[in-house]
There are 2 protein chains.
Amino acid sequence: MSAEAVEAAIAELKFGANDLMPAMVQDDESGDVLMLAWMDAEAVRRTLTTGRVTYWSRSRGEYWRKGDTSGHRQYVRSVAADCDGDTLLVRVVQIGAACHTGTRTCFDGRELPAVVGTPEIG
Amino acid sequence: MSAEAVEAAIAELKFGANDLMPAMVQDDESGDVLMLAWMDAEAVRRTLTTGRVTYWSRSRGEYWRKGDTSGHRQYVRSVAADCDGDTLLVRVVQIGAACHTGTRTCFDGRELPAVVGTPEIG
C-alpha cells in the first residue's frame, strides 16, 4: 500500500459538515455493529496507515485514537467507502467494550419500540 | 406498542445538523451492513410505526420510503439508538439490492487501501 494510493483514496471521499463523515464500525468476527463515530481526512489517513482506528471527537475537538485511554483498542481489518463516498464502513478487531458505557456495542439494551414488518403483509 | 411509547422514545433522541441523525442499516439475516441514510423525527416515527423504513432524502428534500420506486423494500426487524441517542441502528429484511447502483450493499467493491492491524503488534 503506497502513500499515493492512500491520498488518492482520501481525495475521492466527500466530507460533509465540518469536514467530517460518519464511520460505521463493525466487529469483523461477530458482524455486530459496534458504534458510529466521525472522521476528518486526517483521521481517515491515520486509520488507513496505522492499523488502529482514529476518529475526530466532536465533543472534545481533538483526534481520538480509540483505546488510548480505555484500552479498548480497535484494530483495522478493512475500510470501505459507500457508493456516494460520504460514509465509511470500518471492520475491526475490538478489544473489550466498544462503548464508553461498558457495553460491547453502543446499541446494547437501547432498543426502541417498533412495529416489525414482513414482506408478506407489505 | 403504544403511540405514547413511540413519542417518548423519539423525544429522547438527539438530532443533529438539519434536525437529522444517521441511521445505519444492517441485514438482519446476514449481518451485513447495507447502507447509511438520514432520518428526521418524522422519518423515525414512520419507521417505528409502519414496519417499513423511511428516510429523509437530503438530496431531494423529501421523505423516501425505501423501495417505493425501486421495489427494494426494507422491512423493520428492530431499531436501536446508541448510547448518546444520536445514531440509529436499524435491522431489516432487505428485498433485492440495498444500493441504488445495484449492489447488495453500498460498500461492495469499494474497499480503501488500509494497513491491517493486529493486537499482537500493537
Side-chain angles (χ1 to χ4, degrees), chain A residues 1-2 5-6 8-10 13 16-18 22 24 26 30-33 35-36 44 47-53 73-90 92-93 95 99-101 103 105-119 121-122, chain B residues 1-2 5-6 8-10 13 16-18 22 24 26 30-33 35-36 44 47-53 73-90 92-93 95 99-101 103 105-119 121-122:
Chain A
M1 190 201 61
S2 69
V6 169
I10 293 173
L13 297 176
N18 301 315
M24 301 185 281
Q26 185 176 28
S30 68
D32 289 346
V33 175
M35 56 181 285
L36 180 144
V44 175
T47 297
L48 293 178
T49 58
T50 68
R52 288 273 303 277
V53 185
R73 300 180 184 86
Q74 291 175 337
Y75 295 94
V76 175
R77 284 303 160 106
S78 66
V79 182
D82 78 347
C83 52
D84 298 319
D86 63 5
T87 298
L88 296 175
L89 176 62
V90 184
V92 304
V93 174
I95 306 300
C99 187
H100 73 285
T101 64
T103 55
T105 90
C106 289
F107 302 92
D108 292 346
R110 300 179 178 98
E111 199 158 314
L112 304 186
V115 169
V116 171
T118 72
I121 61 173
Chain B
M1 192 201 61
S2 70
V6 169
I10 293 173
L13 297 176
N18 301 314
M24 300 185 282
Q26 185 177 28
S30 68
D32 289 345
V33 174
M35 57 182 283
L36 179 144
V44 175
T47 297
L48 293 177
T49 58
T50 68
R52 288 273 302 276
V53 184
R73 299 180 184 86
Q74 290 175 337
Y75 295 94
V76 175
R77 285 303 160 106
S78 66
V79 182
D82 78 347
C83 51
D84 298 320
D86 63 4
T87 297
L88 296 175
L89 176 61
V90 185
V92 304
V93 174
I95 306 300
C99 187
H100 74 286
T101 65
T103 55
T105 89
C106 289
F107 302 92
D108 292 346
R110 300 181 179 96
E111 198 157 315
L112 304 186
V115 169
V116 171
T118 73
I121 62 174

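Chain A is the first sequence line, chain B the second, and so forth, proteins listed ahead of strands; every chain is numbered from 1.
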Is the closest side-chain heavy-atom distance between [X] and [Y] below 4.5 Å?
{"X": "A:Gln26", "Y": "B:Phe107", "result": "no"}
{"X": "A:Leu36", "Y": "B:Leu36", "result": "yes"}
{"X": "A:His100", "Y": "B:Asp84", "result": "yes"}

With a 4.5 angstrom heavy-atom cut-off, could you sort out which part of [X] is near chain A: side chain, backbone, both or neither?
{"X": "B:Leu88", "result": "both"}
{"X": "B:Ala17", "result": "neither"}
{"X": "B:Val33", "result": "both"}
{"X": "B:Ile95", "result": "side chain"}
{"X": "B:Asn18", "result": "neither"}

Next on the checklist: Heavy-atom cut-off 4.5 Å, strictly under: side chain, backbone, both or neither for A:Pro22 against chain B?
Outcome noted: side chain

Next on the checklist: So for A:Asp108, is it side chain, backbone, both, or neither that comes closer than 4.5 Å to the heavy atoms of chain B?
Outcome noted: neither

If you count heavy-atom pairs under 4.5 Å with chain B, which of [options] comes out on top?
{"options": "A:Met35, A:Arg77, A:Gln74", "value": "A:Arg77"}
{"options": "A:Cys83, A:Ala5, A:Cys99, A:Gly31", "value": "A:Cys83"}
{"options": "A:Gly16, A:Gly109, A:Cys106, A:Ser2", "value": "A:Cys106"}

Item to check | Shortest non-hydrogen contact from B:Val76 toward A:Ala114 | outcome: CG1-CB, 4.2 Å

Checklist entry - What are the two closest heavy atoms between B:Leu112 and A:Ala9, and how far apart are they? => result CD2-CB, 4.1 Å

Checklist outcome for this item: Contacts of B:Thr101 meeting side-chain hydrogen bond (donor to acceptor under 3.5 Å, both in side chains) (sequence neighbours excluded), chain-then-number -> B:Thr103, B:Arg110

Checklist entry - Can you tell which of B:Ala81, B:Gly85, B:Ala80, B:Ser78 has the highest number of heavy-atom pairs within less than 4.5 Å of chain A? => result B:Ala81

